[in-house]
Amino acid sequence: MSKQYPEYKHLSLPELEKEVLKFWDAHDTFAKSVSTREGKPSFTFYEGPPSANGKPGIHHVISRAIKDIFCRYKTLQGFQVKRKGGWDTHGLPVELQVEKAMGITKADIGTKISIKDYNAACKEDVLKYKHLWDDITRKMGYWVDLDDPYITFESNYIESVWNLLRRLWDKGYLYKGFTIQPYSPAAGTGLSSHELNQPGTYQEIKDTSAIAQFKVKGTENEYFLAWTTTPWTLPSNTALTVGKNITYVKVRTFNRYTQQPAIVILAKDRLAKYFSEQKVDLQPEEVKPGSKPIPYIEIVAEVKGSELAGMEYDQLMPYVQPDKPAFRVIIGDFVTTEDGTGIVHTAPTFGADDFKVAQQNDIPPIMVEDEEGNPIPLVDKRGRFVKEVTDFAGRYVKDYGQEEERSVDEDISIMLKKADRAFLIEKYVHSYPHCWRTDKPVLYYPLDSWFVKTTAVKDRLIELNNTINWKPASTGSGRFGNWLENLVDWNLSRSRYWGIPLPVWRTEDGSESICIGSVEELSGEMDKAVAAGLMEADFVKNFLEDVDLHKPGVDDIVLVSKNGQPMHREPDLIDVWFDSGSMPFAQWHYPFENQETFKANFPADFIAEGVDQTRGWFFTLHAIAVMLEDSVAYKNVIANGLIQDKNGNKMSKRIGNVVDPFEMIEENGADAVRWYMLGNTSPWENLRFNPAGVQEVKRKYFGTLYNTYNGFFATYANIDGFTYGERIPVSERRELDQWIISVLNSLVKTVQTSMDDYEATPAIRAIDYFVNEQLSNWYVRLSRRIFWKGEMNQEKEAAYQTLYECLRTVAVLMSPFAPFFSDRLYRDLGAGESVHLANFPEINADEIDLSLEERMEMAQRLTSMILSIRKKEKLKVRQPLQKAMVAVLGKDMHEQLDRVQAIIAAEVNVKDITYITGDNAVLVKKVKPNFRLLGPKLGKLIKELGPALAKLTQAEIRQLEAEGELQVQLSEPITLTSNELEVVSEDIPGWAVASDGKYTVALDLSLTEDLKQEGIARELVNRIQNLRKDKGFDVTDKIEIQLVKNEAWDEAVESFSQYIQQETLAQNLAVVEGIPYGDAIEIENVQGTIALAKV
RNA sequence: GAACUCGUGGCCAAACUGGAUUAAGGUACCUGCCUGAUACGCAGGUGAUUGCAGGUUCGAGUCCUGCCGGGUUCACCA
């Protein structure tokens, strides 16, 4: 006869998972979990596209586990949850990886290698690790549709993105500007603010800083002092900026390098930093180069910044002249006196603030023309001085790997010193941004750029953000909210090759332009261009045959303007973040296809990614949705924290503390990894990933649950031939059954409430607690006897049903978190095709009995207390005792205890539980105040209450119990009622007592002869059971026992023969004189011999 | 430098809107148990002035201020 419930030899999660994966494949379970919900309300989830050009790490497992958990949970609840996968394919990381592999730099693209070949290489490279991603996705049990993913490099995707750009264009949200931006000469590209925010971008570096002396026009030796950490920008200086309300002083002194007399101007607050003291008779020879600070002679004058404004000075390094009047003092609100001199050197071409303030004051930048006649600043795009800066022509302004004796900053400083224009030159350590990929310093550099005018909808962005349910809330209001408050326009341009080209064509003078919103439109425009003779018909035909909207193809397209002028494409690509932020639209090729699908799936109900996406994907999704749909893009979002190693360090390949997700899963199983990661800490906290924790989960949770099913339920249910027939009403089951069913229903409620609030951790912990403590350690332990003794009857049947219901419900509840094990359990129980096609359990409110839960908890605590007395007194549980006494406080407790006392008695092996009630004088009682009620009532008086209550006599306490109220004399007389006080017993004089909160219990330790004999009988039973097991007898085998006469236990055998036989399934227990065979046993140091035989 | 966030026994962590006793529980550690479901198990026990210093309150792990430390994010830093 085949067994109803499969039994296993051992538990191996990794093996089990492999089998379950095969099952899912064979039965198409994922697809079914979606298709069986056809017509049900949908729950929309957006998959944040990973980039497959790197290998998946353990941190990817956590964010994907979160996504998976909620999608599965919503499926259980009856929603249809489609999950389209996606791949992020464009961007600088891909390009740099390809450059590295090919051994080329950006400058080589278009020369050594054609753009076409280069982009082909990028396309090839970007999905390099797709197989690993697919593999981890599968192995970790993440259900997402990998067969039909959206891919950002596909023409349909790009076309949708173009359409979005066009809609922004039509709303006037797309514009071209010229701004100072972070620029990486080493990478040859501007950096977005997201890129500048990569960790490790700001590094501590030591630079040469200079306080330069700008000579006030028309004076002999009066100078403005201005500090800079970038002396290489001094040739580009065209203004000095001061604070309107800052007080400045003119100080008479000597230059420390040249000993020339000088009058210098600086902020009064900064005086002490650079000058030590006033020294009226200061002589030039006293001022040495090394001395800083130096003394000064006198303060000549004190003026406000506003009075300095408009003053002119001589150009400091006159290599190139500006085309308008410059070299004036201007006012800026960003000037402080925390550093430097309170006068800011202003080079409009190399600082964002400088640029802005110069523009406001009509100060020109210093520019030269390159070979093509385009205006450029004094430093070229590779970070070198242009030829016009004769002394330093061709030299790199920062460390870009060149070898040189001294840096440009140092050489400029030396030159200033010699020219009597350097007030102070020092080394200065500060944090400076570095390119996140090349690790070289960033320059602030003037670049042409296209912007998205996000500031135009700033208020709406903030308003709608407030409607999003952020987990944790602080990320939404704090990190994300603050970012929105300080929003700047989104710089969309990237001057690279592998990405979505900006679909804007302009005439040379910029007077006419067009933004293309679809391939069809492009095709129409191309036809016009052919007609105008600007393009070959063949080219157009070839292009449209196999549309590829990447460079270089699109750059060869020349369109014609309304006035017949040729228009060329703006050369930039767009920020890759725009790609991924477009996915709600572009994944469906909206609006060209799937209009209904898009509408049904926008906005998303739920997304989840790491906190690092706050300014990335979370922002771009939000920004695009708000600008174009005036809607949020997602309603609920979980931003998970970082994964660190077990010591709290960041994981990095260099340190070698990275956890390989494949190994982790192979060793412990994905279920254990998922359970650990989400059960240990709320996902938005940083998780210190400790492999020992995964193993603990594996053996404690999964081990216990496996054992409850396999070692217990399946074993006995198969013996008894149990199948789940007609449900026996819970009210007709044992109290213990009613209890666990009640607790189970409470569990369902807890899980549902937590999950509805996107809190997975409390749900996991609740399930864990239920399985370990309540089901396994209490229910199953106390139910052992009913399962292995006696014939099948209604009571036993009910117990089986109870255990079965618990296991089946647990399987469903845990299935979002541990999709493999739960499915196996569910199917082993014969509960259905797959747990993932099941429905979330109903809560049967009428099966919840809180009073029952409460008394069972009391039983558990009292049991534990009595056991602790036994332990202390060194009395084995196997030794029966006559009685335990429990202090009973009040009628409720009396009634509750009545119903569980049998359970306690059996658990602690006593014959009788007696109650010590309130009027029993042996009980020493105490009164404790209920602070929650009395705090507000008594206020400060409450401090007197403690001592007053301690002084109460036992008689007074009995009076309180009898009358329900009590007079207490504090500073004023107070009447306290019994609900404001709690009476607690603490001690029973003369007994072995344990006390815990409101429970007090005493144990009668006296051993009668009968009890001793029964104890011996129990020992015998135990030895026999052990032998049965050793001999490999089946649990149901009947035996015969021969026991050699021994005065140590003959009496016990005689008195308890019946009991011993019953317990050991013995049909016969014979006491014999001596046998030549048998096994040695020992009870309390007495040796004996016994023989067992199967009947 | 600024903002946000966290800081509870060796380690991981709970404690609802400030409230009741000894600040849960797990792990590790110590002790005792192979008790017929589990030794990857069971039972019992040791271990914390809740980072430090103040404050508000009848009452603070929880609220406020300052400091120290971790993390994240931001910054035009001249």
Side-chain angles (χ1 to χ4, degrees), chain A residues 11 180 182 193 196-197 199 202 209 226-230 233 241 334-336 338-341 343-347 351-356 430-433 444 472 474-475 477-479 482-483 486 611-612 614-615 641-642 644 646 648 650 680-681 684-686 688 690 692-693 695-696 698-700 702-704 706-713 715-716 765 768-769 772-773 776-777 780-781 784 787-788 864 867-868 870-872 874 876-878 928-943 945 982 984 996-998 1018 1021-1022 1025-1026 1028-1029 1033 1035 1063-1064:
Chain A
L11 170 68
I180 306 300
S193 45
L196 213 56
N197 293 337
Y202 281 85
S209 75
W227 182 51
T228 179
T229 55
T230 53
T233 61
T241 308
F334 55 88
V335 181
T336 67
E338 275 158 35
D339 288 306
T341 61
I343 301 175
V344 177
H345 144 63
T346 303
D353 272 335
D354 303 36
F355 174 76
K356 207 164 67 186
H430 61 148
S431 76
Y432 191 84
Y444 289 89
S474 58
T475 299
S477 58
R479 191 174 288 187
N482 290 344
W483 155 264
N486 299 312
V611 268
D612 49 324
T614 310
R615 273 70 191 261
L642 297 173
Q644 303 164 327
K646 62 179 178 183
K650 204 169 189 164
N680 190 59
T681 319
W684 37 88
E685 306 271 0
N686 291 338
R688 295 185 177 189
N690 190 349
Q695 279 166 13
E696 188 186 319
K698 189 168 59 168
R699 62 161 217 270
K700 276 205 85 90
F702 291 98
T704 304
Y706 160 78
N707 202 266
T708 303
Y709 166 78
N710 190 58
F712 195 78
F713 175 79
T715 308
Y716 292 115
R765 285 182 180 158
D768 199 308
Y769 181 78
N772 264 311
E773 301 304 323
S776 169
N777 262 344
V780 170
R781 196 152 57 88
R784 266 180 307 185
F787 287 116
W788 77 269
S864 152
L867 289 174
S868 84
R870 275 185 171 274
K871 173 81 180 180
K872 209 173 291 164
K874 296 192 166 36
K876 285 189 175 185
V877 180
R878 227 176 275 138
K928 287 180 178 165
N930 181 336
F931 285 98
R932 202 167 212 164
L933 291 173
L934 289 175
K937 177 173 170 182
L938 297 184
K940 285 192 178 177
L941 280 177
I942 209 163
K943 281 188 172 161
L945 189 62
E982 193 182 16
V984 177
D996 177 23
K998 58 181 176 177
R1018 284 199 167 218
V1021 169
N1022 166 248
Q1025 299 288 33
N1026 289 341
R1028 282 185 60 120
K1029 218 173 177 181
F1033 292 177
V1035 185
E1063 289 296 307
T1064 58

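Only heavy atoms go into these numbers, but all of them, side chains included; no hydrogens, no water, no symmetry mates. By convention in this document, chain letters (A, B, ...) are assigned in the order of the sequence lines, proteins followed by strands, and residues within each chain are numbered from 1.
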(message) Return the pairing partner of B/C40 with a 3.5 Å limit on both distances, Watson-Crick or G-U wobble; otherwise return none.
(response) none
(request) Round to a whole Å and report the spacing from CG of A/N710 to P of B/G41. (result) 16 Å
(request) Pick the C1' atom in B/A15 and in B/A24, then give their distance to the nearest Å. (result) 7 Å
(message) Does a side-chain N or O of A/N690 approach OP1 or OP2 of B/C11 to a distance below 4.0 Å, or not?
(response) no
(message) Distance check needed: B/U38 P versus A/E773 CD, whole Å only.
(response) 18 Å
(request) Sequence neighbours left out, what passes side-chain hydrogen bond (donor to acceptor under 3.5 Å, both in side chains) with A/T341? Give chain and number order. (result) none
(request) Using the C1' atom as the reference point in each nucleotide, state the distance between B/C12 and B/A28 in Å, no decimals. (result) 11 Å
(message) Between A/R765 (side chain only) and A/N680 (backbone N and O only), is there a donor and an acceptor less than 3.5 Å apart?
(response) yes
(request) Please determine if a side-chain N or O atom of A/T704 lies less than 4.0 Å away from the OP1 or OP2 oxygen of B/U38. (result) no
(request) Take atom P in B/C77 and the same atom in B/G9, then report the distance between them in whole Å. (result) 39 Å
(message) Expressed as a whole number of angstroms, how long is the span from A/E696:CD to B/U27:P?
(response) 6 Å
(request) Return the value, rounded to whole Å, for the distance between atom CD of A/Q695 and atom P of B/G41. (result) 12 Å
(message) With a 4.0 Å cutoff (strictly under), does any side-chain N or O of A/R870 reach OP1 or OP2 of B/G44?
(response) no
(message) Quick check: on RNA chain B, is the nucleotide nearest A/V780 upstream (toward 5') of the one nearest A/L867, or the reverse? Name the residue that is more 5'.
(response) A/V780
(request) For B/A60 versus B/U73, give the span between their P atoms, rounded off to a whole number of Å. (result) 37 Å
(request) Write down the partner of B/G18 under the Watson-Crick or G-U wobble criteria, each distance required to be under 3.5 Å. (result) none
(request) Using the P atom on both, measure B/U17 against B/U5 and round to a whole Å. (result) 16 Å
(message) From CD of A/Q1025 over to P of B/C34, roughly how many Å is that when rounded to an integer?
(response) 14 Å
(message) Taking only the C1' atom of each, what is the distance from B/A48 to B/G55 in whole angstrom?
(response) 24 Å
(request) Using a cut-off of strictly less than 4.0 Å, decide whether A/S776 has a side-chain nitrogen or oxygen near OP1 or OP2 of B/U38. (result) no
(request) Using a heavy-atom cut-off of under 4.0 Å over every strand shown, decide if A/Y716 touches base, sugar-phosphate, or nothing. (result) sugar-phosphate
(request) Using the P atom as the reference point in each nucleotide, state the distance between B/C74 and B/C64 in Å, no decimals. (result) 26 Å
(message) Could you check whether any side-chain N or O of A/T233 sits under 3.5 Å from a backbone N or O of A/T230, counting only pairs where one atom can act as donor and the other as acceptor?
(response) yes
(request) Could you check whether A/S864 gets within reach of a base, just the sugar-phosphate, or nothing at all, counting any heavy atom under 4.0 Å? (result) sugar-phosphate
(request) Quick one: label A/T715 by what it contacts on the DNA or RNA (base, sugar-phosphate, nothing), any heavy atom closer than 4.0 Å. (result) nothing
(request) Searching all strands shown, indicate the nucleotide that pairs with B/A2 (Watson-Crick or G-U wobble; both distances under 3.5 Å). (result) B/U73
(message) I'd like to know if the side chain of A/T241 and the backbone of A/D354 have a donor-acceptor N/O pair within less than 3.5 Å.
(response) no
(message) In whole Å, I'd like the distance from the CG atom of A/N680 to the P atom of B/C12.
(response) 9 Å
(request) Ignoring backbone atoms, establish whether A/Y444 has a side-chain N or O less than 4.0 Å from OP1 or OP2 of B/C77. (result) yes
(request) Could you work out the separation of B/U72 and B/U49 based on their P atoms and round it to a whole Å? (result) 29 Å
(request) Kindly write out the residues that satisfy side-chain contact (heavy atoms from CB on, under 4.5 Å) with A/S209, not counting sequence neighbours, or none if the list is empty. (result) A/W227, A/T229, A/E426, A/Y428
(request) Check whether any side-chain N or O of A/T346 sits under 3.5 Å from a backbone N or O of A/V344 as a donor-acceptor pair, and report yes or no. (result) yes
(request) By nearest nucleotide on RNA chain B, pick out whichever of A/I343 and A/R699 is the more 5' one. (result) A/R699
(message) Using every non-hydrogen atom in the two residues, find where A/R878 and A/R1018 come nearest and quote the distance to one decimal.
(response) O-CD, 3.1 Å
(request) Once you apply the 3.5 Å cut-off to both distances, tell me the Watson-Crick or G-U wobble partner of B/A48, or none. (result) none
(request) Working to the nearest 0.5 Å, report the span between CZ of A/F702 and CG of A/N707. (result) 14.5 Å
(message) Under 4.0 Å, heavy atoms only, any strand: does A/R1018 hit a base, just the sugar-phosphate, or nothing?
(response) nothing
(message) Strictly by Watson-Crick or wobble contacts shorter than 3.5 Å, is anything paired with B/U8, and which nucleotide is it?
(response) none
(message) How many whole angstroms separate atom CG of A/L11 from atom P of B/G41?
(response) 12 Å
(request) Mind calculating the distance between CG (A/N707) and C1' (B/C42) to the nearest angstrom? (result) 12 Å
(message) Can you tell me the base-pairing partner of B/C34? Count Watson-Crick or G-U wobble geometry only, both distances below 3.5 Å, and say none if there is no partner.
(response) none
(request) Please give the nucleotide sitting opposite B/U62 as a Watson-Crick or G-U wobble pair, both distances under 3.5 Å, or none. (result) none
(message) Is there a side-chain contact between A/K700 and the phosphate of B/G26, meaning an N or O under 4.0 Å from OP1 or OP2?
(response) no
